[in-house]
Number of protein chains: 2
Amino acid sequence: MTDWIGHARDTLERDGYRVSAPRSAVVETLATLGCSVTAKEIADRLRERGEDVGVASIYRTLELLDRLRLARRVDAAEGVARYEPIDPSGEHHHHIVCESCGAVTAFEDRELEQAIEQLSERVDYAIDAHDVTLRGECPGCRAAGSRH
Amino acid sequence: MTDWIGHARDTLERDGYRVSAPRSAVVETLATLGCSVTAKEIADRLRERGEDVGVASIYRTLELLDRLRLARRVDAAEGVARYEPIDPSGEHHHHIVCESCGAVTAFEDRELEQAIEQLSERVDYAIDAHDVTLRGECPGCRAAGSRH
DNA sequence: CTGAGTGCAAACAGTTTGCATTACT
DNA sequence: AGTAATGCAAACTGTTTGCACTCAG
């Protein structure tokens with residue numbers, strides 16, 4: 001995980017982009033926050049640390065990372081764009097989101113990946129990515145007995 | 001499909017909501033447009049037909065349909081909320097979106113559903129819904145040889 | 001010195017909300 | 001009459017863009 005930061009820096013450099021301080025800060029923060037991160041979360045975290053970065057630069061950096069396949073946009077919850085680092089090994093996970101409290105949990109499932117792989121070969125699109133989102137009630141909310 | 005309209009009307013009525021003209025219009029339009037529909041598309045369609053409905057009412061109706069499980073929000077593409085009718089039989093599909101042109105195609109896959117079902121039993125959330133989105137290049141864009 | 005990158009602020013797009021009006025029941 | 005629902009317009013939220021400025025190569 002930590003060396004994703006190095007990988008990202010290298011890729012940026014190799015592709016002729018400058019590894020500026022603001023960009024580095026966004027990359028590091030994205031790596032730290034890890035999974036399903038919003039632009040606002042990055043901005044807040046950076047502000048706390050005193051290394052303020054303008055929102056525009058954050059968005060531009062995230063878009064760049066997405067374009068370079070260093071990060072991906074995940075469409076779990078509605079309304080806000082969320083990003084997460086892409087592991088160069090190709091390993092990835094998906095998300096379960098709680099419909100009551102909004103909590104997001106990650107999971108991996110070999111069977112699911114297999115089904116998607118096979119499916120991808122049958123369709124007439126050239127598939128290069130996929131997202132799966134499960135929705136339900138998290139253990140905490142179940143215990144609280146909240147029926148939406 | 002057509003009788004989803006009746007089903008929706010009945011449910012609204014049964015639950016004590018008025019089946020007003022604007023609501024009906026939204027329900028019918030959603031049924032007609034079918035898969036992965038935005039509020040704007042509904043508004044436009046209705047305007048064309050002269051039965052103008054305010055955007056606020058469209059959003060309120062869609063939210064109501066979502067709450068009553070008559071429709072669901074699909075998180076395929078980023079930025080806009082898309083809705084589609086829920087078939088009372090439980091039958092449903094997922095989407096492939098073209099990263100070049102934005103086209104959306106629906107698909108169904110038994111294997112995939114099975115994998116998700118099994119997975120759902122293993123996790124500690126009470127899963128009641130899921131979304132799968134494949135991304136790639138549609139046949140048209142592939143032919144056009146567009147590398148993003 | 002030159003252009004890539006930044007930050008600000010204004011512009012935008014989609015969605016939500018407050019409130020006076022309309023229209024079922 | 002009483003209240004659910006509507007429509008408008010203003011408010012909001014998240015994101016993008018134009019532009020002058022900065023800074024690294």
Side-chain angles (χ1 to χ4, degrees), chain A residues 8-9 11-30 33 36-47 49-68 70-83 102, chain B residues 8-9 11-30 33 36-47 49-68 70-83 102:
Chain A
R9 284 216 191 91
T11 307
L12 283 170
E13 205 162 46
R14 187 173 313 128
D15 285 19
Y17 295 98
R18 290 188 192 164
V19 184
S20 65
R23 253 176 207 164
S24 261
V26 171
V27 164
E28 279 159 32
T29 308
L30 181 58
L33 299 178
S36 214
V37 180
T38 66
K40 188 174 179 311
E41 284 162 2
I42 293 177
D44 290 347
R45 176 62 158 249
L46 286 173
R47 189 165 323 107
R49 306 216 155 183
E51 26 181 351
D52 238 297
V53 173
V55 283
S57 300
I58 294 176
Y59 282 108
R60 285 189 277 234
T61 301
L62 289 173
E63 195 220 321
L64 179 59
L65 294 175
D66 188 59
R67 191 143 32 84
L68 298 179
L70 288 167
R72 68 186 190 115
R73 221 169 168 146
V74 350
D75 297 337
E78 193 66 36
V80 252
R82 295 178 167 276
Y83 289 83
Chain B
R9 284 215 189 90
T11 307
L12 284 169
E13 204 161 45
R14 187 174 312 128
D15 284 20
Y17 295 98
R18 290 186 193 162
V19 184
S20 65
R23 252 176 210 163
S24 261
V26 171
V27 165
E28 279 159 32
T29 309
L30 181 58
L33 299 180
S36 213
V37 180
T38 67
K40 187 171 179 315
E41 285 163 2
I42 293 178
D44 290 347
R45 176 61 160 251
L46 286 172
R47 191 166 321 109
R49 306 216 155 182
E51 28 181 349
D52 236 296
V53 172
V55 282
S57 300
I58 294 176
Y59 282 108
R60 284 190 278 236
T61 300
L62 289 173
E63 194 220 323
L64 179 59
L65 294 175
D66 187 60
R67 192 145 30 85
L68 298 180
L70 288 167
R72 69 186 189 116
R73 223 168 166 147
V74 349
D75 297 337
E78 193 66 37
V80 251
R82 296 180 166 275
Y83 289 84

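A note on names: the letters A, B, ... follow the listed sequences, proteins ahead of strands, and every chain is numbered from 1.
- The side chain of R23(A) lies closest to dG5(C), out of dA5(D), dG5(C), dG7(D).
- As a whole-Å value, the separation of I42(B) CD1 from dT15(C) C1' is 14 Å.
- Across dG3(C), dG7(C), dT6(D), the shortest atom-to-atom separation from the side chain of R18(A) is found for dG3(C).
- Atom CG of L33(A) is separated from atom OH of Y83(A) by 15.0 Å, given to the nearest 0.5 angstrom.
- Atoms CD (E13(B)) and P (dC24(C)) sit 14 Å apart, rounded to a whole Å.
- Taking only side-chain atoms of Y17(B), from C-beta outward, the nucleotide of dG7(C), dT15(C), dA5(D) with the closest atom is dA5(D).
- The distance from atom CG of D66(A) to atom P of dT16(D) is 11 Å, rounded to the nearest whole Å.
- Nearest to the side-chain atoms of V80(A) among the listed nucleotides dT6(C), dT15(D), dA4(D) stands dT15(D).
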Worked check of salt bridge (charged side-chain N to carboxylate O under 4.0 Å, His left out) between E41(A) and R45(A): CA-CA 6 Å; E41(A) 284 162 2; R45(A) 176 62 158 249; over 6 Å; no

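- Atom-to-atom, NZ of K40(A) to P of dC12(D) comes out at 16 Å; the value is rounded to the nearest Å.
- Using a 4.0 Å heavy-atom criterion, one finds that V55(A) contacts no nucleic acid atom at all.
- Distances shorter than 4.0 Å separate some side-chain N or O of S57(B) from OP1 or OP2 on dG7(D).
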Donor-acceptor pairs under 3.5 angstrom involving side-chain atoms of residues 21-29 of chain B: please list them, not counting sequence neighbours.
residue, atom, partner, partner atom, Å
R23(B), NH1, R18(B), O, 2.8
S24(B), OG, R9(B), NE, 3.2
E28(B), OE2, R9(B), NH2, 2.5
T29(B), OG1, A25(B), O, 2.6

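- Where R60(A) and T38(A) each meet DNA chain D at their nearest nucleotide, the meeting point lying more 5' is that of T38(A).
- The interatomic distance linking R67(A) (CZ) with dT16(D) (P) rounds to 12 Å, in whole Å.
- In this structure, the CG atom of L62(B) is 15 Å from the P atom of dT17(C), given to the nearest Å.
- Each of I42(B), L70(B), T38(B) was scored for a side-chain contact (heavy atoms from CB on, under 4.5 Å) with L62(B), with one residue passing: I42(B).
- Using a 4.5 Å heavy-atom threshold, the side chains of D52(B) and L46(B) count as separate.
- Taking 4.0 angstrom as the limit, S20(B) places a side-chain polar atom (N or O) nearer than this to OP1 or OP2 of dT6(D).
- Residue A56(A) is the one, among A56(A) and Y59(B), whose nearest nucleotide of DNA chain C lies closer to the 5' end (criterion: closest heavy atom).
- If you measure from atom OH of Y83(B) to atom P of dG14(C), you get 14 Å, rounded to the nearest angstrom.
- For R73(B), whose side chain is taken as the heavy atoms from C-beta onward, the closest listed nucleotide among dG14(D), dA5(D), dT16(C) is dT16(C).
- Look at CD on E63(A): it is 16 Å from P on dA4(C), rounded to the nearest Å.
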